[in-house]
There are 2 protein chains.
Amino acid sequence: MVRRSGRRPGNQDTRTSILEAARAAFAEKGYDKASIRAIAGDAGVDPALVHHYFGTKEKLFLAVMNAPINPGELIPQALEGPREQAGERLIRLAIGVWDSPAGSAALAVFRSALSNEWTARLLREFVVTQILRRAVGEIIEDQAEAPMRSALVATQIAGTMVTRYVLRIEPLAGADPDTIAAAVGPNIQRFLTDPMPEVFKQP
Amino acid sequence: MVRRSGRRPGNQDTRTSILEAARAAFAEKGYDKASIRAIAGDAGVDPALVHHYFGTKEKLFLAVMNAPINPGELIPQALEGPREQAGERLIRLAIGVWDSPAGSAALAVFRSALSNEWTARLLREFVVTQILRRAVGEIIEDQAEAPMRSALVATQIAGTMVTRYVLRIEPLAGADPDTIAAAVGPNIQRFLTDPMPEVFKQP
DNA sequence: CACGGAATTCATCAAGTGTTGAACTCAACG
DNA sequence: CGTTGAGTTCAACACTTGATGAATTCCGTG
C-alpha cells in the first residue's frame with residue numbers, strides 16, 4: 001500500500017529546466033565558475049530550489065553528466081567496420097558527439113576537469129576505463145601495446161577537441177567534420193595499427 | 001640628478017619569493033582558484049604585500065608569465081635542422097619546455113586558459129602569433145595551407161601536453177621524452193609536409 | 001471542503017575573495 | 001640627530017559563493 005496525499009510532483013519542468021541551465025552553465029564556465037545562483041537565474045527559479053532537487057552542487061554536476069553521456073551506445077559504432085578506417089571513424093564519432101546537444105555536457109566535464117581536481121579524476125577514469133580500454137583497446141592487435149597506443153590516440157583526439165572547442169583556434173574551429181576527419185584520421189590510424197618501437201610493450 | 005633618500009630596496013628576496021609561490025600556485029590551481037592569500041601564505045608574507053609589489057592579481061599573473069616564456073630563444077631551435085625531422089624537433093622542444101622549471105609557468109597559463117576567459121585569449125594569441133605563425137608557419141612550404149596545417153600541428157602538441165601534464169594519463173605521463181618523440185613526431189611531420197586535401201587552401 | 005505534503009520563496013549564515021588605506025618599522029641619507 | 005620613504009603589517013570593506021532552515025504557496029487527494 002502506497003499512501004499518498006498532498007501536492008503531487010505536477011510541475012516537473014522546473015527540474016529539467018534547472019538541469020538544462022546547469023548543463024549550459026557548466027559547459028560555458030566550468031564547474032567552479034558556474035554558480036548555483038546563476039544557474040537558478042537562467043532557469044528562472046530560486047537558488048534554494050536547486051538544492052531542494054539536487055542536494056549539493058556536486059550532485060547537480062553528476063546529474064548533468066549522467067544523463068547524456070552513455071558510452072554503451074557509442075562503442076559499437078566505433079568497433080564495427082573495417083579496421084583500416086578505425087582512426088577516421090573514431091575522430092568522426094568524437095566530433096559528432098561534441099557537435100550534438102550532448103556535446104555541451106562533454107565540453108562541461110572537459111572544461112571543469114582542467115581546473116578542478118575531483119572533476120579531473122572523474123574525466124580521467126571515464127576516459128581510461130570507458131573509452132580507451134573498452135573501445136580503442138579492442139581495435140589494437142597486440143594487447144601488450146594497447147595501453148601506450150590508446151594513450152597516444154587520446155592525445156590526438158583530446159588535442160583536436162581542445163583546439164576546436166575550448167581554445168577555438170581557426171581555421172580548425174570553423175572547419176567541417178569531413179575535412180578534420182580526413183586530416184586527423186590517418187594519424188590516429190597510425191597510432192592504432194602501424195609498427196611502433198619495441199619500448200611500447202608493457203611488461 | 002636622481003635624488004634618493006629613505007630606505008633602500010635591501011630585502012629583495014620577498015619579491016622573488018612571491019613570484020615563485022605565485023608560479024607554483026597558478027600552475028597547480030589555475031588563475032581563479034589560486035588565491036592571493038594562499039600565495040602570500042606560501043611566500044610567508046602578508047597578502048597586502050603582494051598588492052604592494054604587483055598592484056593587481058592580473059599584473060601578478062602577467063609578471064609570472066613574462067619571466068620564463070621567451071619564444072625568441074626557442075624558435076630558432078625549432079627552425080634549424082633538416083625539414084624532414086621538424087615534427088620530432090617540435091615535440092621534443094615542447095616536452096623540454098614543459099619538463100623544465102619554466103614548464104610550471106606553461107602549465108599555469110594552460111590550466112588557467114581553460115577556465116578563465118581573458119587568460120584563454122592570452123594563450124590563444126600567444127600560440128597563434130608567436131608559435132604557430134612564426135615557427136610552425138616557417139616550416140610549411142605552401143603558405144596557403146599554413147593556417148590549417150599549423151592548427152593541426154597544434155592539435156597534436158596540445159593534446160600531448162593535456163594528456164601528459166594535465167590529465168596525467170598513463171603510461172604516457174611517465175614515459176620518457178624519447179619514446180614520445182618517436183611516436184608523435186612522425187604524425188606532426190605528416191601535418192607539416194605530407195600532401196593534404198585541396199580544401200586546406202585558404203582563399 | 002480540509003488537510004497533507006511537495007513545491008517554492010525568503011532571509012540568513014559562514015567562509016572566502018580581491019582590494020584598499022592607514023599605521024608601523026627601520027635602514028640610509030643629509 | 002631628524003627626516004625620508006620603502007618594506008611590512010593590520011584591519012576592514014564590499015562582494016560572491018554554497019548551503020540551511022523556517023515560512024509560505026498551492027495542488028491533489030480523502
* Rounded to whole angstrom units, what separation is found between the CG atom of A:D13 and the P atom of C:dT8? -> 9 Å
* **Closest to the B:L49 side chain, choosing from D:dT8, C:dT19, D:dT20** => D:dT8
* **Whole-Å distance separating the CD atom of B:E58 from the C1' atom of C:dT19** => 13 Å
* To do: Using a 4.5 Å cut-off on heavy atoms from C-beta on, say whether the side chain of B:R164 contacts that of B:D99.
  => yes
* To do: Give a yes/no on whether any side-chain N or O of B:Y53 is located under 4.0 angstrom from OP1 or OP2 of D:dT8.
  => yes
* To do: In whole angstrom, give the distance that lies between atom CZ of B:F54 and atom C1' of D:dG7.
  => 14 Å
* Asked: Which pairs, with at least one residue in residues 24-49 of chain B and sequence neighbours excluded, count as a ring pair (Phe, Tyr, Trp, His ring centres under 6.0 Å)?
  -> B:F26-B:Y31, B:F26-B:F61, B:Y31-B:F61, B:Y31-B:W118
* To do: Take the protein atom NE2 of A:H51 and the nucleotide atom C1' of D:dT17, then report the distance between them rounded to whole Å.
  => 10 Å
* Asked: Any side-chain N or O of A:T56 under 4.0 Å from OP1/OP2 of D:dG18?
  -> no
* Once you round it to whole Å, what is the distance between P of D:dT17 and OH of A:Y31? -> 14 Å
* To the nearest 0.5 Å, what is the distance between CZ (A:R15) and CG (A:D13)? -> 12.5 Å
* Please indicate whether B:E141 has more than 12 foreign heavy atoms, meaning atoms of other residues, nucleotides or ligands, lying under 6.0 Å from its CD. => no
* Asked: Just checking, any donor-acceptor pair under 3.5 angstrom between side chains of A:E20 and A:T16?
  -> no
* For A:K57, does the NZ atom have more than 12 heavy-atom neighbours from other residues, nucleotides or ligands under 6.0 Å away? -> yes
Between protein and nucleic acid, restricted to nucleotides 10-17 of chain C and to nitrogen or oxygen atoms under 3.5 Å apart, what atom pairs and distances do you find?
{"unit_1": "C:dT17", "atom_1": "OP1", "unit_2": "B:S35", "atom_2": "OG", "d": "3.3"}

